[in-house]
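Note that these values count all heavy atoms, side chains included, but never hydrogens, waters or copies made by symmetry.
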Amino acid sequence: RFINNALERDPRVDVKGVVYRQPYLGILQDTFFPRTLDLPDAADDIADSPFAEPDLVILGDVSPDEIPEVGWQMLEKFVSESGGTLVFIAGKQHFPLAYQSKIVERLLPMTELRPINIDGATAKAPPSERGFHLKLTAEGEDMDVMQFDPDPQQNRDIWAGLAGHTWGLLGEAKPGANVFAYAIQPGEEDNVENERKN
C-alpha cells in the first residue's frame with residue numbers, strides 16, 4: 001500500500017496493482033485491490049498479456065502458487081523483448097527463496113542468495129545503530145532515485161543516518177549487474193569485495 005500510494009501521488013504514473021492475499025472483512029463488495037492477474041494460456045504474444053503496456057512491474061513477496069509458469073515466461077519477455085523494467089522486492093515468506101524456477105534465476109541480478117536475520121542486542125539497539133546498513137556505490141550516488149539531497153555529502157550523511165535493517169536478502173552481483181547500494185553488516189569491513197558480495 002505504501003508503494004501504491006507513493007506512485008499514485010505522481011500524476012505521470014498510471015498504477016495498476018494486484019495483491020494476491022489481502023485482508024478482506026466482507027464489508028465492501030470486493031477487496032481493495034484485484035486478487036488475480038488475468039493471463040492468457042500461452043506466452044507467445046506479450047501483446048495479449050497484462051505486461052503489454054507497463055514500463056515498470058514491481059513484484060513483491062509473491063507465493064509460487066500465485067504466478068503460473070506462463071506468467072514468468074511473459075515477465076521474461078517483458079524484460080528481454082519489450083525492454084521493460086522489473087523490480088523485485090524480496091520477502092521473508094516466499095520470494096525468491098521459495099522458488100525453483102530457471103526463469104526466476106535468470107531474471108534475478110544476484111546469485112548465492114542468503115537471508116540475513118539479525119537478532120539479539122544488535123536488533124534492539126537504537127535505529128541508527130541496529131542491524132545492517134546500506135551504503136551507496138559510486139554508481140548509486142549518481143542515480144536520482146537514490147538521492148535524498150542534491151548535495152553528494154549531504155546525501156551520504158542521510159544514508160548513513162537511516163535506521164538499520166534486521167532482515168534482508170543478500171547475494172553476489174551477477175557479471176554486468178549494476179550495484180547501487182550494498183549492505184554493511186555489523187563487524188564487517190567496508191571494502192570492494194564485500195560490496196559485490198552484499
Which pairs would a plain distance check flag for residues 9-19, meaning a side-chain donor or acceptor within less than 3.5 Å of a matching protein atom at least two apart in sequence or in another chain?
unit_1: D10; atom_1: OD1; unit_2: R12; atom_2: N; d: 2.9
unit_1: D10; atom_1: OD1; unit_2: R12; atom_2: NE; d: 2.9
unit_1: D10; atom_1: OD2; unit_2: R12; atom_2: NE; d: 3.4
unit_1: D10; atom_1: OD2; unit_2: R12; atom_2: NH2; d: 2.7

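Smallest separation of non-hydrogen atoms from H133 and A163: CE1-C, 4.0 Å. When all heavy atoms of I184 and E188 are compared, the pair lying nearest together is CG2-O, 4.0 Å. When all heavy atoms are compared, the tightest approach of F132 to I118 is N-CD1, 3.7 Å.
In this structure, CG in L56 is found 6.0 Å from OG1 in T85, a value given to the nearest 0.5 Å. To the nearest 0.5 Å, atom CG of residue L170 and atom CD of residue Q185 are 5.5 Å apart. For the atom pair OG of S101 and CG of L107, the computed distance is 8.0 Å after rounding to the nearest 0.5 Å. Taking CZ of F88 as the reference point, atom CG of L59 lies at 6.0 Å (rounded to 0.5 Å).
Below 30°, between 30° and 60°, or above 60°: for W72 and F95 the angle between ring planes is below 30°, a parallel geometry.
Counting only distance, with no hydrogens or angles, the side chain of Q93 and the backbone of S63 share no donor-acceptor pair below 3.5 Å. Of the possible donor and acceptor atoms, none in the side chain of W159 sits under 3.5 Å from a partner among the backbone N and O of Q147. A donor-acceptor contact shorter than 3.5 Å is absent between the side chain of S82 and the backbone of G84. Of the possible polar contacts, one joining the K174 side chain to the R106 backbone as a donor-acceptor pair under 3.5 Å is found. With T137 contributing its side chain and V179 its backbone, the two residues share a donor-acceptor pair below 3.5 Å.
When only modelled atom types and interatomic distance are considered, E172 and N198 share no side-chain donor-acceptor pair under 3.5 Å.
Look at K92 and D61 and you find no salt bridge, because none of the NZ, NE, NH1 or NH2 atoms lies under 4.0 Å from a carboxylate O.
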#### Entry: side-chain contact (heavy atoms from CB on, under 4.5 Å) between F51 and V57, intermediate numbers included
CA-CA 8 Å; F51 311 117; V57 172; 3.9 Å; yes
### CA sep, side-chain torsions, deciding dist, call: H94, V62, side-chain contact (heavy atoms from CB on, under 4.5 Å)
CA-CA 6 Å; H94 305 292; V62 177; over 6 Å; no
### Task
Apply side-chain contact (heavy atoms from CB on, under 4.5 Å) to the pair I58 and L86, showing each step before the final yes or no.
CA-CA 6 Å; I58 301 172; L86 179 59; over 6 Å; no
